Amino acid sequence: MSNKLIRTIAATLGFIVLAILDAAAPRAETGAESAAIAAANHVFDRALSARDIAAMDTIWAHEPDVIAVHPASKAPIVGWAAVRKSWEATFDRFADISVSMQDPQIRIKGNVAWVVGLEEVRGKLKNGETAVFTALTTNMFENTGGRWLMVVHTTSRVPQ
């Protein structure tokens, strides 16, 4: 076989492999999935900002292995009942709160996705004290039945 024929066959096989890989890459789906995760993350921020436990109920997975770590947490809060109770306590402490994540970084692996970013937290405690800080936050979501539900929320204050 001539070198020219071998190169032609190799190039043809290379193009076929690239075409198969390119067709298998979920580019459009990844964009749609990324948008769905960004929307779920925004729903979480809105629920937190509204101090709306019913909205929290809709965005969180109600599973025994979900986890939350708040800025004041001394240990991870595990299980939906405990996580929900921690949100109720948070809402009880604040008269007003506003949370927004700027420039969220979204990553997806199969049916799990995570969002990492800095959140601006502004609020007023019921005792009149003002709370303003930046928090490094990671939110993890799992696709369950076609819905992205939160399974992990961790946040810690960024040192001033």
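Note that the structure is a prediction, hence the values are computed from the model and not measured.
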*Asks:* Would you say F91 and M56 make side-chain contact, with heavy atoms under 4.5 Å?
*Replies:*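 Contact flag for F91/M56 side chains = yes.
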
*Asks:* Answer yes or no: is there a side-chain heavy-atom contact under 4.5 Å between N139 and M101?
*Replies:*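 In contact.
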
*Asks:* NZ of K124 to CG of D96: how many Å apart, nearest 0.5 Å?
*Replies:*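 One finds 8.5 Å between NZ of K124 and CG of D96.
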
*Asks:* Are side-chain heavy atoms of F141 and V151 found at a separation under 4.5 Å?
*Replies:*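 No - every pair of side-chain heavy atoms lies 4.5 Å or more apart.
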
*Asks:* Does any part of the side chain of E119, heavy atoms only, come nearer than 4.5 Å to the side chain of D45, both counted from C-beta?
*Replies:*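 A side-chain contact under 4.5 Å exists here.
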
*Asks:* For P104 and V115, which heavy atoms make the closest approach, and how far apart are they?
*Replies:*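 Closest approach of P104 to V115, heavy atoms only: CB-CG1, 3.5 Å.
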
*Asks:* Just how far is it from atom CD1 of I59 to atom NE2 of H42, taken to the nearest 0.5 Å?
*Replies:*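 Here the interatomic distance stands at 11.0 Å.
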
*Asks:* Where do H62 and D57 come nearest, in terms of heavy atoms and distance?
*Replies:*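 In terms of heavy atoms, the two residues are closest at NE2-O, 2.7 Å.
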
*Asks:* Is there a donor-acceptor contact under 3.5 Å linking the side chains of S86 and H70?
*Replies:*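 Looking only at side-chain atoms, H70 and S86 do form a donor-acceptor pair, the distance falling under 3.5 Å.
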
*Asks:* Given 3.5 Å as the limit, does a donor-acceptor pair link the side chain of R93 with the main chain of L125, or not?
*Replies:*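 Looks like no, no N/O pair under 3.5 Å.
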
*Asks:* Kindly say whether the aromatic ring centers of W87 and F44 come within a distance under 6.0 Å.
*Replies:*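 Yes, the ring centres sit under 6.0 Å apart.
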
*Asks:* Under 6.0 Å from the six-membered ring centre of F133 and within 45° of its axis: does the NZ or CZ of R157 meet both?
*Replies:*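 The answer is yes, since R157 meets both limits relative to F133.
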
*Asks:* Please report the closest heavy-atom contact between K126 and A95, naming both atoms and the distance.
*Replies:*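 Taking K126 first and A95 second, the nearest heavy atoms are CG-N, 3.6 Å.
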
*Asks:* Let me confirm one number: the CG-CD1 distance from L48 to I97, rounded to the nearest 0.5 Å.
*Replies:*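 Rounded to the nearest 0.5 Å, the CG-CD1 separation comes out at 5.0 Å.
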
*Asks:* Can you name the nearest heavy-atom pair linking I67 to P76, along with the distance?
*Replies:*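 Smallest heavy-atom distance, with atoms named: CG2-CB, 4.0 Å.
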
*Asks:* Would you please test V121 and V132 for side-chain contact (heavy atoms from CB on, under 4.5 Å) and show each step?
*Replies:* CA-CA 6 Å; V121 180; V132 177; over 6 Å; no

*Asks:* Got a second to check how far M140's CE is from R107's CZ, nearest 0.5 Å?
*Replies:*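 The distance works out to 13.0 Å.
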
*Asks:* Please lay out, stage by stage, how V78 and D65 fare under the test side-chain contact (heavy atoms from CB on, under 4.5 Å).
*Replies:* CA-CA 6 Å; V78 181; D65 55 356; 5.6 Å; no

*Asks:* Kindly say whether T154 contributes a backbone atom to a donor-acceptor pair with the side chain of T138 at under 3.5 angstrom?
*Replies:*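 Side chain of T138 to backbone of T154, a donor-acceptor pair under 3.5 Å: no, none is there.
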
*Asks:* For W60 and A68, work out which heavy atoms get closest and say how close.
*Replies:*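 Closest heavy-atom pair between W60 and A68: CH2-CB, 4.3 Å.
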
*Asks:* Do W148 and E33 get their side chains close enough for a donor-acceptor pair, meaning under 3.5 Å?
*Replies:*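 Indeed, the side chains of W148 and E33 share at least one donor-acceptor pair under 3.5 Å.
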
*Asks:* Give the minimum heavy-atom separation between A113 and I37, together with the two atoms involved.
*Replies:*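 So the minimum-distance heavy-atom pair works out to CB-CD1, 3.2 Å.
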
*Asks:* Heavy atoms, side chains only, cut-off 4.5 Å: are V69 and H153 in contact?
*Replies:*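 No; the side chains remain at least 4.5 Å from each other.
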
*Asks:* Have E120 and S100 got a donor and an acceptor in their side chains that come within less than 3.5 Å?
*Replies:*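 Looking only at side-chain atoms, S100 and E120 do not form any donor-acceptor pair under 3.5 Å.
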
*Asks:* What is the distance from atom CH2 of W80 to atom CE of M150, rounded to the nearest 0.5 Å?
*Replies:*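 The CE atom of M150 is 10.0 Å from CH2 of W80, to the nearest 0.5 Å.
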
*Asks:* I need the L149 CG to T144 OG1 distance, nearest 0.5 Å.
*Replies:*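 L149 atom CG to T144 atom OG1 measures 5.0 Å (nearest 0.5 Å).
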
